[in-house]
Amino acid sequence: MELSMLPPQIYVEKTLAIIKPDIADKEEEIQDIILRSGFTIVQRRKLHLSPEHCSNFYVEQYGKMFFPNLTAYMSSGPLVAMILARHKAISYWKELLGPSNSLVAKETHPDSLRAIYGTDELRNALHGSNDFAAAEREIRFMFPAVIVEPIPVGQAAKDYLNLYVTPTLLKGLTELYLAS
């Protein structure tokens, strides 16, 4: 009996994570949890946003009652923005965060990051992108120089590998073999 194996698939998704100003001093501790949870920190930066930048970042919240408090809170001190990557990064990061209201998180998801580090509905300690489109927009906002491109899958991935990766690997491995 012959077992057929599927060719390996690469599933990598990126999301934006923010350690908010009131817990930026817990950066190392939180990064350790992130890494132990199977994420790769692709890029990170510490920055202090102005209220105007916060307004632009949270533009979809504009007009809501908490918006002025949100922009004041997010511009109150330095924060840490990170691009996280892993299989299903967005959903896994949201799961690790727990409910957006820290008080609810403390009751329903006591081991979540917002339950541990958050204090109330507004000061929920960390941010995570809601979906792929939000992740792409937010990563570009926090990391303007980064290239966010869709990762090819299926035939497009095979074509990319055959056109660019395989020839380079073949050439390099051949030279390495001949040099030994």
Side-chain angles (χ1 to χ4, degrees), residues 10-146 148 150-151:
I10 300 172
Y11 298 102
V12 178
E13 185 176 83
K14 293 178 186 168
T15 191
L16 182 76
I18 296 176
I19 301 173
K20 294 183 178 181
D22 55 331
I23 64 153
D25 61 325
K26 305 275 189 202
E27 176 185 356
E28 266 185 51
E29 189 176 311
I30 293 168
Q31 284 183 5
D32 185 53
I33 294 168
I34 289 168
L35 295 172
R36 283 188 286 117
S37 299
F39 291 93
T40 298
I41 299 172
V42 177
Q43 248 182 306
R44 67 164 284 290
R45 68 186 284 217
K46 198 170 203 166
L47 63 158
H48 193 145
L49 296 178
S50 69
E52 292 77 24
H53 278 107
C54 291
S55 295
N56 291 336
F57 182 76
Y58 286 107
V59 69
E60 70 277 355
Q61 306 296 339
Y62 184 78
K64 295 184 179 174
M65 291 292 288
F66 61 84
F67 185 75
N69 290 336
L70 177 63
T71 56
Y73 165 50
M74 291 301 291
S75 62
S76 67
L79 54 82
V80 181
M82 295 173 283
I83 301 172
L84 305 182
R86 72 165 280 171
H87 175 64
K88 295 186 179 180
I90 296 167
S91 61
Y92 280 118
W93 179 238
K94 286 171 71 170
E95 184 180 322
L96 191 59
L97 288 175
S100 60
N101 183 330
S102 295
L103 301 176
V104 171
K106 288 175 192 301
E107 290 179 27
T108 62
H109 297 78
D111 295 330
S112 69
L113 293 176
R114 287 179 172 151
I116 296 166
Y117 297 104
T119 54
D120 57 36
E121 188 173 356
L122 178 67
R123 296 180 184 276
N124 62 3
L126 297 130
H127 169 84
S129 304
N130 283 328
D131 54 37
F132 183 79
E136 189 175 4
R137 181 187 70 78
E138 293 171 356
I139 288 170
R140 282 195 173 121
F141 185 93
M142 292 292 180
F143 299 88
V146 79
V148 182
I151 296 169

How close do Ile18 and Met142 get, counting heavy atoms only, and between which atoms? CD1-CE, 3.6 Å
Any side-chain heavy atom of His53 within less than 4.5 Å of one from Thr71? no
When you compare the side chain of His48 with that of Leu79, does any pair of heavy atoms fall below 4.5 Å? no
Closer than 4.0 angstrom, basic N to acidic O: yes or no for Glu27 and Arg44? yes
In plain terms, say whether Glu60 and Arg137 are close enough for a salt bridge, that is, a side-chain N and a carboxylate O under 4.0 Å apart. yes
Candidate pair Tyr58 and His127, rule side chain to side chain contact (heavy atoms under 4.5 Å, CB included), full reasoning: CA-CA 11 Å; Tyr58 286 107; His127 169 84; 3.8 Å; yes
Using modelled atom types only, decide if a donor and an acceptor are shared between the side chain of Trp93 and the backbone of Lys14 within a distance under 3.5 Å. no
To the nearest 0.5 Å, what is the distance between CD1 on Ile116 and CD1 on Ile33? 6.0 Å
Mind listing the closest non-hydrogen atom pair of Ile19 and Ala24 along with its distance? CG2-CA, 3.9 Å
So, the side chain of Asn124 versus the backbone of Ser102: is there a donor-acceptor pair under 3.5 Å, distance only? no
Would His109 and Glu95 count as having a side-chain donor-acceptor pair, cut-off 3.5 Å? no
Would you check if Leu126 and Ile23 make a side-chain contact, meaning some heavy-atom pair closer than 4.5 Å? yes
With Tyr117, which of Glu29, Arg123, Lys26 fulfils side chain to side chain donor-acceptor pair (under 3.5 Å)? Glu29
To the nearest 0.5 angstrom, please state how far the CZ atom of Phe57 sits from the CD atom of Glu138. 4.0 Å
Output for pair (Ile90 CD1, Thr15 OG1), nearest 0.5 Å, gives 5.0 Å
If the plane angle is over 60° it's perpendicular, under 30° parallel, otherwise tilted; pick one for Tyr62 and Phe67. perpendicular
Is the shortest side-chain heavy-atom distance between Lys94 and Asn130 below 4.5 Å? yes
Between Leu84 and Val42, is any pair of side-chain heavy atoms under 4.5 Å apart? no
Minimum side-chain heavy-atom gap Phe39-Leu35 below 4.5 Å: no
Report the distance from atom CG of Leu97 to atom OG of Ser112, rounding to the nearest 0.5 Å. 8.0 Å
Which heavy atom of Asp120 sits nearest a heavy atom of Leu103, and at what distance? CA-CG, 4.0 Å
Non-hydrogen side-chain atoms of Glu13 and His87 separated by less than 4.5 Å: no
Indicate yes or no for a side-chain donor-acceptor contact from Arg114 to the backbone of Ala105 under 3.5 Å, with no hydrogens or angles considered. no
Hey, what do you get for CD (Gln43) to CG (Leu16), rounding to the nearest 0.5 Å? 11.0 Å
Between Asp22 and Tyr73, is a side chain to side chain contact (heavy atoms under 4.5 Å, CB included) present by the stated rule, with each step listed? CA-CA 8 Å; Asp22 55 331; Tyr73 165 50; 2.7 Å; yes
Would you say that more than 12 heavy atoms from the other residues, nucleotides or ligands in this model lie under 6.0 Å from the CD of Gln61, or not? yes
Do Val12 and Arg86 touch side chain to side chain, with heavy atoms closer than 4.5 Å? no
CG/Asn69 to OG/Ser76 distance, rounded to the nearest 0.5 angstrom? 11.5 Å
How close do Pro110 and Glu107 get, counting heavy atoms only, and between which atoms? CD-O, 4.3 Å
Counting only N and O atoms by type, is there a donor-acceptor contact under 3.5 Å from the side chain of Lys106 to the main-chain atoms of Ala115? yes
Single hit among Ser50, Ser55, Pro51, Pro21 for side chain to side chain contact (heavy atoms under 4.5 Å, CB included) with Ser75: Pro51
Provide the closest heavy-atom pair for Ile41 versus Met82 in the form atom of the first, atom of the second, distance. CD1-SD, 4.1 Å
